[in-house]
Visitor: 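Below: one structure in structure tokens.
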2 protein chains.
Amino acid sequence: MNISEVSQRAGLPSKTIRYYEEIGLIQPARRANGYRQFSEADLHRLAFVGRARSLGFSIEDCRSLLTLYEDRGRASADVRAIAAGHLRLIDERLAEMQQMRQTLADLVNACAGDARPDCPILADLAAPVADSTAEDQTPK
Amino acid sequence: MNISEVSQRAGLPSKTIRYYEEIGLIQPARRANGYRQFSEADLHRLAFVGRARSLGFSIEDCRSLLTLYEDRGRASADVRAIAAGHLRLIDERLAEMQQMRQTLADLVNACAGDARPDCPILADLAAPVADSTAEDQTPK
DNA sequence: GATAAGGCTTCCAGTTACTGGAGGGTCAAT
DNA sequence: ATTGACCCTCCAGTAACTGGAAGCCTTATC
């Protein structure tokens, strides 16, 4: 297989596939003319990585998962640990984003959104700057 | 004010403040010795940006918001448009992440997480590679 | 005056995971 | 011989910082 076929079948841009080779996720063979020649196994690895990436695993996670995947004797606990750690990360980010969303939605609702210059969004962004003249400054 | 005081009061690392100057978000004065000399207005701008960033606005959003903030005659609708656009983005990302979270949580639950090598997580990641021998290939 | 600690400066490189483009070889068909 | 579609490598750029090196400036102490 040439790169464009793999690209299509794995659902990854050719650029990305070359990049994955560069960082050592795959090592496709080469033809005499220098073209990459992909095996079904290469395609399989790429599809695996693509799927893991779409679940938000980092490249380094993917590297670990690939290793585990190809280690016939690994314990499923190892895989689970990576996935569970990732899940925790996602949950944290979700919580942050929901907090952000809430604040922002409140602001958008509070804003008239008309031609007048008064805008609670800007007012809020500008709000709380600590005062240097007093409080909490360690005096020298 | 020197940079470290501003850093503390705005809640941004000095490195970040220098970076914000580099990209033109602020233009603090300089002392004879080359040190940056920050005004209260500079501090204010930085705090504004810090707050907007923590709400997930991009640097370019911040640039626009700052301009609007300092334009006494702007319409609140302009600000609202930026914020609302950002809110839509956040909602999209939230939906994606929730989808991701769901799939991942299902996988983690399905995985025994013991010493046995069988792992539904890996099985799922490996699963669906299209077959090139048939279906959906536009023949030439 | 020497010295040391801390703060300030600039500049360069690295991070993540690609993406775009230039410049140029290869292949199949006309 | 010449398209046009592939393929190659290498370089640069993205977002938004972060870390580190090398080197002034300031202040305090001995």
Side-chain angles (χ1 to χ4, degrees), chain A residues 1-38 42 45-46 48-66 86 89-90 93 96 100 137-140, chain B residues 1-38 42 45-46 48-66 86 89-90 93 96 100 137-140:
Chain A
M1 263 179 289
N2 279 346
I3 199 165
S4 61
E5 185 183 344
V6 181
S7 162
Q8 195 222 319
R9 289 178 61 193
L12 294 170
S14 302
K15 277 278 186 188
T16 300
I17 294 172
R18 293 197 190 96
Y19 173 68
Y20 286 170
E21 181 189 18
E22 195 186 319
I23 63 174
L25 285 185
I26 47 162
Q27 284 154 261
R30 294 291 180 133
R31 297 181 204 276
N33 61 11
Y35 286 20
R36 288 170 186 80
Q37 178 170 14
F38 295 87
D42 290 324
R45 280 178 79 95
L46 285 170
F48 182 103
V49 171
R51 183 128 171 73
R53 292 284 303 129
S54 79
L55 285 175
F57 286 98
S58 72
I59 289 285
E60 287 317 305
D61 282 342
C62 290
R63 210 186 289 278
S64 310
L65 289 171
L66 268 178
H86 183 50
L89 251 182
I90 289 179
R93 274 190 232 153
E96 281 169 29
M100 246 169 57
Q137 297 290 98
T138 357
K140 64 170 168 180
Chain B
M1 265 180 288
N2 278 346
I3 200 166
S4 59
E5 186 183 345
V6 183
S7 161
Q8 195 221 318
R9 289 178 62 194
L12 294 170
S14 302
K15 277 276 186 187
T16 301
I17 294 173
R18 293 198 190 95
Y19 173 69
Y20 285 171
E21 182 189 16
E22 195 187 318
I23 62 172
L25 285 186
I26 48 164
Q27 284 153 262
R30 294 290 181 135
R31 294 180 205 278
N33 63 10
Y35 285 20
R36 287 171 185 81
Q37 180 171 11
F38 295 87
D42 290 324
R45 280 178 79 94
L46 285 169
F48 182 103
V49 172
R51 183 129 172 72
R53 291 284 301 130
S54 79
L55 285 176
F57 286 98
S58 73
I59 291 284
E60 287 317 305
D61 283 341
C62 291
R63 210 187 288 278
S64 310
L65 289 171
L66 268 178
H86 184 49
L89 251 182
I90 289 180
R93 276 190 231 153
E96 280 170 30
M100 243 169 60
Q137 297 290 100
T138 357
K140 64 167 169 183

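Below, chains carry the letters A, B, ... as their sequence lines are ordered, and counting in each starts from 1.
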Visitor: Using five pairs at each end of the helix from C:dG1-D:dC30 to C:dT30-D:dA1 to define an axis, what is the angle between those two axes, to 10°?
Guide: 40°
Visitor: Which one, D:dC6, D:dG19, D:dC8, comes nearest to the side chain of A:Arg18?
Guide: D:dC8
Visitor: Give me the first and last nucleotide of DNA chain C, going 5' to 3', that has any atom under 4.0 Å from a heavy atom of chain B.
Guide: C:dG7 to C:dC11
Visitor: My understanding is that only residues two or more places apart in sequence, or in another chain, count here; which of them pass salt bridge (Lys or Arg N to Asp or Glu O under 4.0 Å) with B:Glu22?
Guide: none
Visitor: With respect to the phosphate group of D:dC7, does any side-chain polar atom (N or O) of A:Arg36 fall under 4.0 Å of OP1 or OP2?
Guide: no
Visitor: Going by the salt bridge (charged side-chain N to carboxylate O under 4.0 Å, His left out) test, which pairs reach into residues 52-62 of chain A, not counting sequence neighbours?
Guide: A:Glu60-A:Arg63
Visitor: When rounded to the nearest 0.5 angstrom, what distance separates CD1 in A:Ile3 from NZ in A:Lys15?
Guide: 10.0 Å
Visitor: Looking at OH of A:Tyr19 and CD1 of A:Ile26, how far apart are the two atoms once the value is rounded to the nearest 0.5 Å?
Guide: 12.5 Å
Visitor: I need the residues from residues 26-35 of chain A with at least one non-hydrogen atom less than 4.0 Å from DNA chain C; give them sorted by number, or say none.
Guide: A:Asn33, A:Tyr35
Visitor: Check salt bridge (Lys or Arg N to Asp or Glu O under 4.0 Å) between A:Arg31 and all other residues, then give those that pass, not counting sequence neighbours.
Guide: none
Visitor: Distance from A:Asp42 atom CG to A:Met1 atom CE, nearest 0.5 Å?
Guide: 7.5 Å
Visitor: Could you check whether any side-chain heavy atom of B:Gln37 comes within less than 4.5 Å of a side-chain heavy atom of B:Arg30, counting everything from C-beta outward?
Guide: no
Visitor: Return the minimal non-hydrogen interatomic distance between A:Val49 and A:Leu66, and the atom names on each side.
Guide: CG2-CD1, 3.7 Å
Visitor: My understanding is that only residues two or more places apart in sequence, or in another chain, count here; which of them pass side-chain hydrogen bond (donor to acceptor under 3.5 Å, both in side chains) with A:Asn33?
Guide: none
Visitor: Going by side-chain contact (heavy atoms from CB on, under 4.5 Å), name the residues that satisfy it together with A:Ser7, two or more places apart in sequence or in a different chain.
Guide: A:Ser14, A:Ile17
Visitor: What's A:Ile3 touching, base or sugar-phosphate or nothing? Going by heavy atoms closer than 4.0 Å.
Guide: sugar-phosphate
Visitor: Once you round it to whole Å, what is the distance between C1' of D:dC10 and CD of A:Glu22?
Guide: 10 Å
Visitor: A:Tyr20: what forms a ring pair (Phe, Tyr, Trp, His ring centres under 6.0 Å) with it, not counting sequence neighbours?
Guide: none
Visitor: Protein-nucleotides 15-17 of chain D N/O pairs closer than 3.5 Å?
Guide:
from	atom 1	to	atom 2	distance (Å)
D:dA16	OP1	B:Ile59	N	3.4
D:dA16	O3'	B:Arg53	NH2	3.4
D:dC17	OP2	B:Tyr20	OH	2.6
D:dC17	OP2	B:Arg53	NE	2.8

Visitor: Report the distance from atom NE2 of B:His86 to atom CG of B:Leu65, rounding to the nearest 0.5 Å.
Guide: 9.5 Å
Visitor: Verify, without hydrogens or angle tests, whether B:Arg45 (side chain) and B:Leu25 (backbone) share a donor-acceptor contact under 3.5 angstrom.
Guide: yes
